[in-house]
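Below is one structure, written out as structure tokens; the observations come after it.
Computation of the quantities below employed the complete heavy-atom set of this structure, encompassing side-chain atoms and omitting hydrogens, waters and symmetry-equivalent molecules. Residue numbers begin at 1 in each chain, while the letters A, B, ... track the order of the sequences.
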Amino acid sequence: MAIQKPGIPKGTRDFSPEEMVKRNYIFDSIRSVFRLYGYTPIETPAMENLTTLMGKYGEEGDRLIFKILPRGEKLNMDVIKPEEALRYDLTVPFARYVVQHQQDIAFPFRRYQIQPVWRADRPQKGRYREFYQCDADVIGSDSLLNELELILMIDQVFTKLKAPVCIKINNRKILSGIAEVIGEKEKIVDITVAIDKLDKIGADGVNKELREKQISEKAIEQLQPLIEFTGDTAAKLNLLKELLRTSEIGNKGIEELEYLFAHISNCELQIAKCELDITLARGLNYYTGAIIEVKATEGTFTSSICGGGRYDDLTGIFGLPNMSGVGISFGADRIYDVMTELNLFPQEVKASTTLLFAHFGEAERDHCLPLLAQTRKAGISAELYPDVVKIKKQLDYANKKGIPFVAVVGSDEMKEGVLTVKNMKDGSQMKLKIYELIDRLKA
RNA sequence: GCGGUCAUAGUUCAGUUGGUUAGAACGUCUGAUUGUGGUUCAGAAGGUCGUGGGUUCGAGCCCCAUUGAUCGCCCCA
């Protein structure tokens, strides 16, 4: 067979041991906060029935679902009908899970889930086709205290990671209210998607896009105060109260936001800044209340690193109505990118191995076996160089792997019943009995 | 799905208006040193110049196509 060039699918990555240490640091930090807040873990399969996923993420989302080729003797590529697909996020599989296992679940159900998801879109900076989401959701509770807890969890996670962030909060009911009062109720998605780009393309760009989407001039004019407005959260809420006074749903949204922000200001967030952002329009396909997005406030990384919101009826489509949920999702890969750029990973890059047994031959190597077992029994991670090669090569190996101590065993050591222990950092050596070595390494 | 940029050794990159045998650094391997790594010195291996076509006496370089990478748009963690 011809030699083939090795490679992996676009938008996917290998992770080296060094990278995995850092990735696990992120996962562990997030997981510990989830646990602290009483969330319990679940996992769901990498693949779901296609019908479970289709239609949940909008037209664009459907297109980005990785579909799995069905098995078949005679596969005709033109009439393939996939029945399964890789999961696109963790929220919809979770909704499916809740409906399927409702009789076993104690509601309100607080679950966390850390698994990869797949999206068939074009990779670019901070965008992968395989990436991990770390979700925490509580389902079966309408209380806004859940939203508050999610904000506190976000703050705590990024405090742990020492990553400065801004939590942007909006409410779908506000967006609905705005669309209602300007008389473009049906165009709510077009309007909010356009306003969402304010940061990127400016007021002129937003207005241009609104016109392209056939929004009436009168409606665009009514939107201007919102687009041009600058001020703090309290001022924004006052403006919204004025604008949305005729909209029942808009008022409900304002009420929710006031409640949430009042509680947030009582809690004193540690690292996160928190602000009302009426241009925030994520997850419109199923969010009905709060919308949350988190961005790093330093560095060049502008994509969101965490997002979430409330969905009132995600389980309805699977046959369990009136089950409100709210959750957040941390994008571990993007958090990794932000932390790499800002150099936020702690220095302690723990070596996997503390002690390497190096030897001068087969007899010496085998002499090490009981010593190796003793060392491991004492809880010290240790390994024995498995092949008979020059000592130089064994030391080189230890050096490259960052192993801090090497126990050298030759005929002299065997006779004396000692080990020549070399400190790889400063090159110093001393002869120690195995128990002396273990005591020193444990200390 | 749409647009820009790029593609040369394991890696990062040189390579003159198109001209003989495509270079460097780092890495790898061997030796100096058959009981000592991270420093030094000597040497070696390693390339169908992404792939396929075209122009030309002659292509790493020019043209077309294709694939891949990357950066934007759409959308999103």
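Side chain A:K422 to base B:U36: a donor-acceptor pair is found below 3.5 Å. Between the base of B:G38 and the side chain of A:N399 there is no donor-acceptor pair shorter than 3.5 Å. With hydrogens and angles left out, the side chain of A:Q394 and the base of B:U36 share no donor-acceptor pair within 3.5 Å. Remark: the A:E413 side chain and the B:G35 base include a donor-acceptor N/O pair separated by less than 3.5 Å.
Phosphate proximity of B:A77 to A:K295: absent, as no side-chain N or O sits under 4.0 Å from OP1 or OP2. Contact annotation: A:K197 reaches the phosphate of B:C74 (side-chain N/O to OP1 or OP2, under 4.0 Å). Side-chain nitrogen and oxygen atoms of A:K213 include none within less than 4.0 Å of the OP1 or OP2 phosphate oxygen of B:C74. Contact annotation: A:K393 side-chain N/O to B:U33 OP1/OP2 distance is not under 4.0 Å.
Going from atom CZ of A:R63 over to atom P of B:C76 covers 12 Å, rounded to whole Å. Here B:C76 presents its P atom at 16 Å from CG of A:D135, a figure rounded to the nearest Å.
We find that A:E184 and A:K213 are not joined by a salt bridge, their nearest charged nitrogen and carboxylate oxygen being 4.0 Å or further apart. A salt bridge links A:D28 with A:R31; the closest basic N to acidic carboxylate O contact falls under 4.0 Å. Between A:E149 and A:R110 there is a salt bridge, with a side-chain nitrogen of the basic residue lying less than 4.0 Å from a carboxylate oxygen of the acidic one. Salt-bridge check for A:K400 with A:D396: passed, with a basic side-chain N closer than 4.0 Å to an acidic carboxylate O.
Using P as the reference atom, B:U17 and B:A69 are 32 Å apart when rounded to the nearest Å. Between the C1' atoms of B:G23 and B:G47, the separation comes to 12 Å (whole Å). The same atom, P, is picked in B:U66 and in B:C76; the two are 30 Å apart, to the nearest Å. The same atom, C1', is picked in B:U11 and in B:G52; the two are 27 Å apart, to the nearest Å. Here the separation of B:G10 from B:G4, taken at their P atoms, is 31 Å to the nearest Å. To the nearest whole angstrom, the two C1' atoms, one in B:A65 and one in B:G19, are 27 Å apart. Taking atom C1' in both B:G31 and B:G15, the straight-line distance is 33 Å, to the nearest Å. Taking the C1' atom of each, B:U16 and B:A22 are spaced 14 Å apart, rounded to whole Å.
A side-chain N or O of A:Y311 and one of A:D137 form a donor-acceptor pair less than 3.5 Å apart.
When each of A:V92, A:I105, A:L90 is paired with A:Y97, the side chain to side chain contact (heavy atoms under 4.5 Å, CB included) condition holds for A:I105 and for no other. Here the rule is side chain to side chain contact (heavy atoms under 4.5 Å, CB included) with A:F330, and of A:F27, A:F158, A:Y112 only A:F158 fits it.
Classification of the A:Y385-A:Y397 ring pair by plane angle, with boundaries at 30° and 60°, yields perpendicular.
Residue-level contact check: A:E209 touches neither bases nor backbone, having no heavy atom under 4.0 Å from any strand.
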Let's test your reading of the pairing rules: Watson-Crick or G-U wobble, both distances under 3.5 Å, then write RNA chain B as a dot-bracket string with ( ), [ ], | and dots. (((((((..((((.....[...)))).(((((.......))))).....(((((..]....))))))))))))....
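Both geometric conditions, a ring-centre gap below 5.5 Å and a plane tilt below 30°, are fulfilled for A:F131 over the base of B:A77.
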